[in-house]
Amino acid sequence: MELNTQSDWVARSLRSVWHPCTQMQHHETIPLIPVSRGKGAWLYDHEGRRYLDAISSWWVNLFGHANPRINAALKDQLDTLEHAMLAGFTHEPVIELSEKLSALTGHVLGHSFYASDGASAVEIALKMSFHSWRNNGHADKQEFVCLKGSYHGETIGALAVTDVALFKDAYGPLLRASQTVMSPDWRAAADGETPQDVARRAAAHVERLFLERGDKIAAIIIEPLVQCATGMAMHDPLYLQLVRALCDQHKVHLILDEIAVGCGRTGTFFACEQAGVWPDFLCLSKGISGGYLPLSLVMTRDAIYQAFYSNDVTRGFLHSHSYTGNPLACRAALATLQIFEEDGILNANRVKAARLTKALQPLAQHEQVRNFRQRGMIWAFDAIDAPQDFSRRFFATATEHELLMRPIGATVYMMPPYLLSDEEIDGLAANTLAVFNQVMAG
Ligand SMILES: *Cc1c(COP(=O)(O)O)cnc(C)c1O
């Protein structure tokens, strides 16, 4: 059947597919790789070359490609119920998933609202926060606060709380204004300052803003522990504790965007567990379906849910998507959560993480590297005096070393799936070093 060659697929894709986050003209020099299949941590092209998916296909894949257990669950679900609308109807996968997630928060976040992508989850959290304040007689609370370097998705509402210069420059005129506060990124530490000191300094910035206009602010939105898209900027959990206390004090909602850092990525199932705090809204997507199907959700407290509970339609939460709570996606999520439980993934990851950190020491100590950092299953470091086009060159060179990696600017990072063997871990470290040296040599 397969008459097309690798280069046929490339040509056809470039003729008809508009790729995301891509200046399409760059594909005149940067390879476009048609994937024919995936297995475990590997993606295979049409010429039999393979690529270790060291960034989990944009941070979504947790237990490998074509995972037999998730596949089996989906095949069963496919023959049972592929989809039913979630207004007026409900079904087993969405109920079980909501119950399981609630239990994972000790039932603090007792209700889950569903969508399909991360940006929509962020929009839902923003709308819910605003609307619940209004339902409670605080209609003036209409503003949102985000962090310097924040990333919460690329729809117009989510972009309004995203601080990426490239996007702001392009789409600024379309966006609602929001307040931006200092990032607690520990790389901002002055001489003699600890990451906790940076956390305190950043929280003081939040406090000043809340004192000034807390009565106008509905919510602050934060990626807890690691601001991923800005370049894996990591902060001390103390920051989350301090901001939680400020939110309570000034009656501002705390939205934690765990779309990238949730699902075990930072070492605990939810990143906020490491600070011992719960938000008012928690957004999940990416890894929750194991990287199989588009699924996102917002978990919230019963007090927020109650603010909408009434016989008045206009006090209800006004939001829906056609595929809300899709049974196949929920079933993939249930299979994913089952693997966490059955295989003791959080513990197993600690062992894998220690091995990869050790294997990466030549890079951590490299004279052209600074700020080597790790949290859970995220590693990152910054190249010193990176050459022009570092990121694109790194990507292209990595493909020649059986690696899928896409640095963010001069920041090289890894977010591998949670199933690497010792051999794969050691190969990942050795190949990353080889690619780095080759790209830095120009
Ligand atoms: C990826 C991401 C989003 C957006 O999710 P999409 O599914 O791409 O819309 C939002 N927030 C964070 C922290 C993310 O990493």
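Numbering of ligands and ligand atoms starts at 1, following listing order.
Ser285 and Gly118 get closest at one heavy-atom pair: OG-N, 3.6 Å. Closest of all the heavy-atom pairs between Ile55 and Arg406 is CD1-N, 4.0 Å.
Using a 30° and 60° split on the angle between ring planes, Phe394 and Phe390 fall in the tilted class, from 30° to 60°. Ring geometry for His253 versus Trp133: interplanar angle under 30°, hence parallel rather than tilted (30 to 60°).
Within 4.0 Å of ligand 1, the residues that place a heavy atom are Trp59, Asp117, Gly118, Ala119, Tyr151, His152, Gly153, Glu223, Asp257, Ile259, Ala260, Lys286, listed by chain and number.
One finds a salt bridge joining Asp163 and Lys148 here, because a Lys/Arg side-chain nitrogen approaches an Asp/Glu carboxylate oxygen to under 4.0 Å.
Between the side chains of Ser183 and Gln227, a donor-acceptor pair is found at a separation under 3.5 Å.
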